[in-house]
Each structure stands twice: as C-alpha cells, then as structure tokens.
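Here is the structure we will look at, set down as structure tokens.
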2 protein chains.
Amino acid sequence: MATRGTRKKTADKPHYHHGDLRRALLDASLTLISEEGFGALSLREVARRAGVTHAAPYRHFADKEALLEAVAEEGFRVMTARMKERMARESTPNRRLMACGVAYVLFAMEHPAHFRVMFGPHFTRPPKLGPPGGDTDAFGLLVDSIAEGQRTGEMREGEPRMLALTCWSLVHGLGSLLVDRKLEFSGVTTVPQAEALAWEQTRLLIQGLERTTGN
Amino acid sequence: MATRGTRKKTADKPHYHHGDLRRALLDASLTLISEEGFGALSLREVARRAGVTHAAPYRHFADKEALLEAVAEEGFRVMTARMKERMARESTPNRRLMACGVAYVLFAMEHPAHFRVMFGPHFTRPPKLGPPGGDTDAFGLLVDSIAEGQRTGEMREGEPRMLALTCWSLVHGLGSLLVDRKLEFSGVTTVPQAEALAWEQTRLLIQGLERTTGN
DNA sequence: CCTACCGATCGGTAGG
DNA sequence: CCTACCGATCGGTAGG
C-alpha cells in the first residue's frame, strides 16, 4: 500500500494517505466484498478499511450506488481488455470465440467482487454500459467474433446477436457458478481447473452435443 | 394488507394467523425479495409483513439462514418437479434435455426469489442438496437425460457429468441474466420471450455453433 | 406469540 | 478530511 502520496506540505501526522483516497476506497470495497460477501458492504466499513472516517467517502462518491457504479465500470473495462488480449493470441474465429469466453470465466474467478457488482441485482439506475466498440463493450466483442466466423464460413448461419447471447449465457452461467462456489461438489475450485472447464464448455457449444457423422 | 394502522391497542386487534405462520413467513420472504431485492431481507421486515412481532419468527426458524435454507430447499423441490413435468411431455432424449433446460430458465423467471436464494452467495453452511435421485436432485435429471441420449446414440460420447455441467452453465447463465434483468437491452422481458430464448439456446448447444455439412 | 430491551451498525448531514 | 450527531434498523434475548 502506502501509495507514495505526493505530499506537498503539512506536518507528518499519521493522518493517512492520500494521494488517492478514491482508489483506496475502491480497493477496500473489492476486498471487503471478496472476503465478507456483498452483504457486508457498507460505506462505513469501506471507510474504516481505507483508514478514514465514515464521512470521508462522500467527498468522492455521492452515495453507495455511485461507488458501485465505479466498481462496475472498472470491471467492464478490465474484462473487455482481458478478452481482447486472449482473442489476439488466436488465429481462427472459432478459437477467438472460445478464448473470449474463457477470458470471461477467468475474469469472474479472478475478480469475483467486480463480477458480482457488475451483474448483481444492485443498481436502481440504468446499468450504463459503455458505447458499442468502446473499451467496456464486452458483448460487442462476442458479436463481432461470431460475425467474423460466419463470414469465413466457419460458423453456422443465424442472427449474430442471438448466437452471441447463447455464448454469453454459457460463460455467464459458468462464471456465476464458480464465483458462488456451486461447483465445489464437482471438485472445481482452482483457476487452472476453471480455465480447463471453460475451454471444454466453449468447445462443446461450438461443436454441439449432438452426435455428428464426422466427429 | 389489512394493516389498519390507526387502530388502537384495543381488544379487536387483527391478531393474524395462527394457522401457518411458518408458511406466511416464507411467503413474506419471497415477496420481499422479489419486490425489494435480497438486500432488503431482514427477519424483522419479514415478521412485519407476516403481521407478527419481530420475535415471533424465532419460534419457527433459528435464525435468518435457517429461513433461507427452507426457501432454498423448497426452490429445489419445485424446480425439480417442473423439470420432470416438462421432460415427461417429450419423446426423445434431445427434446427431454432441452425441456429440462427450458424448465430451469422458466423457474428462474417465475420464482426469482427462490432462484436468488438457491444460487446466491448466502449460506455459511454447506448448501445441503437433496440426495441423488431425490425430489430436489435437479442436476441428476440433467445427467440422466444425457446418459440416456448417449445410450440411444442420439448424443455425443463423453463424461455425462461434464456434458451436464455444460448444459447447467448455459441455462444457469440465461436464468441469472433474466432474473437480474441484464437482457432488457435485447428486448427480452416476458416469460414467453424467455421461453423462446431458452428453446433456441438449448437447441444451439445440442446442435453446436459450428457449421456442419448436413445442416 | 408478545412486550421490552440490549448493543451495534447503518446512511447521511452539519459544520468546521 | 474530521468530529459529532441524527433517526432508523438490525439480530437477538429475557421473560412471560
């Protein structure tokens, strides 16, 4: 920690940080949710963990929901970036689609607090997703990758958005089950295990469960 | 709900049920979660809605988690029953598998409070699923239906539990996205729309996204 | 099943 | 960014 605050003046009281209380509040929120669950999230506890009094957060966030919005927005940006990274390593539309889904699932495993906030039932206001093509448009990546597969003839015909929705359901379901620890009965708990499972499941979606002649 | 709040503390208090407070508490919990979200659930508010004082629920549930366990257990039983009903109407393993998934998604839409409690991050104690083959073993239905499809040759080879996990991810993802209203951007809000989507997605999983010669 | 009460926490604001 | 304070709600228990 000790964000190496660019202190300008003042005496050196234990007065805590700050270069970036806003960042510290976000981090405190994330670890709090990860450790104690979403129900434990309160602005007061977040302030406590960030080392400030409970009135301080209001300098940075109008209310609890504003803080959550910031977490969600950051989550979408990071998730979209991870998806792009993994897709860039692949050389066929099918593989890119799989990589995209794998990145989604791994993001859930590695950033469970972000994931819960992004897709939880919180938020009274609109979910405010970024613009299509923007650095938070994860769904757009899915759609594009499917449309590309259709152009090359590797993927079946059909409305790309519909197909993308199906991919999304699959990886969102796997991610959710992992984050909420519903797959422990099957022995899947670690990140590598989750990744292997994600590859298998996305492959199955692409190939189908049906018996095929050439398979 | 007959709260008639202006009534004084006379002998004609509405005094409420006696018949089945446990049931009334469960129902109050479900409507509370549906209406206000899980975060609004408190034993005191539940008691309030059931028309009793906040100490009364402890006669029926040791604590908040015990109440949630009862909700979850009921949810698994109802969901499993719905799955069986829909599967019974179909005549091929593939169709039965699809019907099973559709039932899962419709259960989520029609019983969002149950769904959230069943699969949410609550519960400090083990999730306590019913025994395999029991009236709460929804996952067992999936596995069996896939194993059957493999026997008839309609479905591809592979570990049935692995294939079932993939089906589960798909419908769990779709159900979760619907319950948490993340598909409104695509215009899917009603139960019939959700059902149509569920049929499409389960069909896609069975057939696969890949381009096939005979399709 | 109720009244009465406990300690604790919460979101939010006043005012500096 | 802090101190001090507000009203409200919470889970849980004592005791009848």
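This one's a predicted model, so the numbers in the text were calculated from it and none came from an experiment.
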Paired with D/dT9: which nucleotide, if any, by Watson-Crick or G-U wobble criteria at under 3.5 Å for both distances?
->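 Paired with D/dT9, as far as the under-3.5 Å criterion goes, is C/dA8.
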State the pairing partner of C/dA14; accept Watson-Crick or G-U wobble contacts with both distances under 3.5 Å, and report none otherwise.
->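 Its partner is D/dT3 (Watson-Crick or G-U wobble, both distances under 3.5 Å).
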When the distance from [atom1] of [X] to [atom2] of [N] is rounded to whole Å, what number comes out?
{"X": "A/Tyr58", "N": "D/dC2", "atom1": "OH", "atom2": "P", "value": "14 Å"}
{"X": "B/Arg59", "N": "D/dA14", "atom1": "CZ", "atom2": "C1'", "value": "14 Å"}
{"X": "B/Glu65", "N": "D/dG12", "atom1": "CD", "atom2": "P", "value": "10 Å"}
{"X": "A/Leu32", "N": "C/dT9", "atom1": "CG", "atom2": "C1'", "value": "14 Å"}
{"X": "A/His54", "N": "C/dG15", "atom1": "NE2", "atom2": "C1'", "value": "13 Å"}
{"X": "A/Leu41", "N": "C/dC10", "atom1": "CG", "atom2": "P", "value": "10 Å"}
{"X": "A/Leu43", "N": "C/dG11", "atom1": "CG", "atom2": "P", "value": "5 Å"}
{"X": "A/Leu67", "N": "C/dC10", "atom1": "CG", "atom2": "P", "value": "14 Å"}

[Y]/[X] salt bridge by N-O under 4.0 Å criterion:
{"X": "A/Arg49", "Y": "A/Asp27", "result": "no"}
{"X": "A/Arg77", "Y": "A/Glu73", "result": "yes"}
{"X": "A/Glu110", "Y": "A/Arg82", "result": "no"}

Looking at [options], which one has an atom nearest to any side-chain atom of [X]?
{"X": "A/Ala56", "options": "C/dT3, D/dC2, C/dC10", "answer": "D/dC2"}
{"X": "A/Arg44", "options": "D/dC5, C/dC1, D/dT3", "answer": "D/dC5"}
{"X": "B/Glu45", "options": "D/dG11, D/dC10, D/dT3", "answer": "D/dC10"}

On the nucleotide [N], are OP1 or OP2 found under 4.0 Å from the side-chain N or O atoms that [X] carries?
{"X": "A/His60", "N": "D/dC1", "result": "yes"}
{"X": "A/Ser42", "N": "C/dC10", "result": "yes"}
{"X": "A/Arg48", "N": "C/dC10", "result": "yes"}

Nearest-nucleotide 5' precedence on DNA chain C, A/Ala55 against A/Ala40 =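 Here A/Ala40 is the residue nearer the 5' end.
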Residues that B/His54 engages under side chain to side chain donor-acceptor pair (under 3.5 Å), provided they are two or more places apart |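 With neighbours one apart ignored, the set is B/Arg44.
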Determine, using ring centers only, whether A/Phe185 and B/Phe139 are less than 6.0 Å apart.
->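 Centroid distance B/Phe139-A/Phe185: below 6.0 Å, so yes.
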